Amino acid sequence: MDKFAEIIVDVPAMQTNQPFTYLIPEEFRQVVSVGMRVEVPFGNGNRHIQGFITNIVTEAPRVTDSLKAITNILDLKPVLNEELLLLADEMAQKTYSFKITCLQTMLPSVMRSSYKKWIVKTAEIEPDIDEQLFKGLAEIEWDEALESIPLSKLLSLRAEEKIDLRYEVLTKNKIKTKKVIKKKMTTMELREVAKSIRANAKQQQKLCAFLMEFAEDSEISLLELMQEHDLSRAAITSAEKAGWLSIEEREVYRDPYAFQSFKQDTPLDLNDEQDKALAEVIKAQDENAATTFLLEGVTGSGKTEVYLQAISHVLNKGKTAIMLVPEISLTPQTVTRFKKRFGADVAVLHSGLSEGERYDEWRKIERNEARVVVGARSAVFAPLENIGLLIVDEEHESSYKQDETPRYHARDVAIWRSQYHHCPVILGSATPSLESRARAQKNVYQLLPLTKRAVADAVLPKVEIVDMRKAIAQTKNSFSTELIQKLTERLALGEQAVLMLNRRGFSSFIMCRDCGFVLPCPNCDISLTLHMDTKTMKCHYCGHEERIPYQCPSCHSDKIRYYGTGTQKVETELQELLPDARIIRMDVDTTRKKGSHQALLRRFENHEADILLGTQMIAKGLDFPNVTLVGVLNADTALNLPDFRSSERTFQLLTQVSGRSGRGDKPGEVVIQTFNPDHYAIQLVQDQDYETFYRKEMSLRHLSGYPPYYFTVQVVASHEDEYLAAKKIYQIAEKLKTSLSEQAVVLGPTPKSIARVNKRYFYQIVIKYRQEPNLEQALNDLMVASQAEIQKGMRIVIDVEPQNFI
DNA sequence: AGCACGCCGACT
DNA sequence: GTCGGCGTGCTC
């Protein structure tokens, strides 16, 4: 006999990060199950909060009399299945976050409860106070009450037991419904009824006639019936009373793609390489092997077609698939491609959806009405059953790592789910992360190379690197003569160009305009960051600090200054240089409104403009055959960030953006403007030579001891009082140095580059290690030992394999 | 997190 | 003397 439920409650704190046991009242015993959300009383004041049932047991582990009972059930059926509950546990452990946070992360935001506190009258109160407080109502909201009456008065009323508190747990997951009607009498019976309808009851006659024709067991929406057959609501209601028909509620989905029809398309022919890659994936699927594939294909090599056909294969076997795409490339183009191939089987989850739409898509998946899920990071938690394939496209994208707790990496979650379902997972990229590529080297992942562009005869674009150290002498603006000349040529031919202005690392470093020199840290092989608050150059790894140079240490030029330019300024310059060019500017300013991103792209696609000028957001996934020139105005900015991944990011970004050129039958060109023309990350973009880049970068990582040779964990302590934050991080560093083994290295402590955010000061350390048996224990101990301080305003964040070190 | 309990300062 | 400030500890 089920009696007790173990519940994770919605209190994100270390002390409550464990299941609490509750009684299941008699009336719920038949319906409760693991994975449902419930409302429970919690704490001294018995305030009501949301919780998740993680287990149901027949025997209470402790004294039964102190147990409280579940007040309410918030779901009719579980919202999390066994797999996802298990995954949440795993995630909480691996990312050092609370179980409740993990559970909530897996669900649409509408399912998160909000809480309201009400004051209810339980006895007679003095009339004047009653009027002042309740204003004639039976109950009033706590916050509202505080405006009309002091807190002390409320507390004394409560002590006298004249008022009581009521806690409300609200959940916004409203289901949108429509009414449908069903026939309840047979045609024979209706024929009898028809005879007795009065002659002037035209509506009744019409409805009866309709029902006689209407097939049993089929349904028609009430609205449709009224509109199409000119019937009144009253006529239908009386027909319901007479028992001719029944009115039932049916759920409707808010389908954001409802008004678009998608023409079914068919699989494209594959080249030899694509064929071979597909065959390997299919083989793994058929053998139920949880193989991780790394599909490494140059831009335009047709990775998506391989994905599509691999998905077809699992669908044919009656299984389901998840495809992850970075938010930025989840364009209508991408969605359309999937909808065309798989039709209504596809559910799409992305941030452009409203909360309600997102919830509807989620429910469609949960009810097994979608078999393919396409979405950004959080779509990896899609409640699909029987998964046969997972795909992580552009697997190197750092947006797959959530930058708030729980700091999970969608790529890792995808691999975890593939192991749970015994199915393959494909990581795809033209420029894989070094971590993934290294694993393929060690045969942990299986490498599937695509080296040729898929479109017949399409070749990789010709890349020209322009040395801006020379160009800056000739022009005062952001454009080299080479780039302007090529723009002029292309526009004259009626072709289009894409220009990228790199905004990463904007003006946080100093560079010499004459020789491109950037001040490095003497200890860390990483450039120093400018701190205007202290007027110094600082290293974020070791804490090294020096004064701001007024002369270039390398060439002694005095043209050493901040680096950075804005899109708006560039647009003005460009318009002056090419007065006839039609320019579309795409940056955070012009794409803030919902749908404007898409609108701008459509205008460009329709050739209503010649040049698309934008930030990184234009680098990914766009496929415009008429674009034959890509220009990168400043390739260096990301290169000089004080992050060991800066070369990798630069190479990836430049390769991605170069890939936008020459995707149709016309050959493409790329112009890269840089102050570091000899840097390997820029040189190797010329031939899109990922493999050489990989080897070069690996040897550097090996030398300096960074991933993938080492694992990293970042610990950040922050407080409104700078002294307390600094003191805490030094204590943590000391403690970790003693509790971790010899081979682990603790870097820092150092202040974060933006030392103060939201009135808080941030200090960090980074732990590097190859193998650290004590790590999990040490970090958990750290969190437990810091409880007292955390309650006094300290915040400690543990980030496993951080993507950003700045 | 948020609630109760408990121990000290500034008022009627 | 009490009211009410915040620090401490606990939550099935």
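Bear in mind the structure is a predicted one, so any value in this text is a computation, not a measurement. Below, chain A is the first sequence line, B the second, and so on; all start at residue 1.
- Mapped onto DNA chain C by nearest heavy atom, A:Gly43 and A:Ser152 fall at different nucleotides, with A:Ser152 at the one closer to the 5' end.
- Atom pair A:Gln791:CD and B:dC3:P shows a separation of 15 Å (rounding to whole Å applied).
- Checking the phosphate oxygens (OP1, OP2) of B:dC3, a side-chain nitrogen or oxygen of A:Tyr167 falls inside 4.0 Å.
- The cationic atom of A:Lys121 (NZ for Lys, CZ for Arg) lies less than 6.0 Å from the six-membered ring centre of A:Phe134 and within 45° of the ring axis.
- Judged by a 6.0 Å distance limit and a 45° cone about the ring axis, A:Arg377 is not positioned over the six-membered ring of A:Tyr400.
- For C:dT11, neither phosphate oxygen OP1 nor OP2 lies less than 4.0 angstrom from any side-chain nitrogen or oxygen of A:Thr16.
- Residue A:Met14 contributes atom CE, which lies 18 Å from atom P of C:dG9 at whole-angstrom precision.
- For A:Trp142 and B:dG2, the CH2 to P distance is 13 Å, given to the nearest whole Å.
- Judged by the 6.0 Å and 45° rule, A:Lys117 forms no cation-pi pair with A:Tyr167.
- Considering only the side chain of A:Asn44, B:dA4 comes nearest among C:dC12, B:dA4, B:dA1.
- Rounding to the nearest 0.5 Å places CG of A:Asn46 at 10.5 Å from CZ of A:Phe42.
- Considering only side-chain atoms of A:Pro12, the nucleotide from B:dA1, C:dG4, C:dT8 that sits closest is B:dA1.
- Atom pair A:Glu168:CD and B:dG2:P shows a separation of 16 Å (rounding to whole Å applied).
- Taking atom CD of residue A:Gln15 and atom C1' of nucleotide B:dG2, one finds them 12 Å apart after rounding to whole Å.
- A:Arg47 has no side-chain polar atom (N or O) that falls below the 4.0 Å cut-off from OP1 or OP2 of C:dC10.
- Checking B:dC3, B:dA1, C:dC12 against every side-chain atom of A:Ala13, the shortest atom distance belongs to B:dA1.
- For the pair A:Lys117 and B:dC3, the criterion of a side-chain N or O lying under 4.0 Å from OP1 or OP2 is met.
- With no hydrogens or angles considered, a side-chain donor-acceptor pair links A:Glu772 and A:Ser741 at under 3.5 Å.
- Residue A:Leu151 contributes atom CG, which lies 15 Å from atom P of B:dG2 at whole-angstrom precision.
- Across all strands shown, A:Tyr22 has heavy atoms under 4.0 Å from sugar-phosphate atoms exclusively, and none from any base.
- Atom P of nucleotide C:dC6 and atom NZ of A:Lys792 are separated by 16 Å, given to the nearest angstrom.
- Straight-line distance from the CG atom of A:Leu67 to the P atom of C:dT11: 12 Å, rounded to whole Å.
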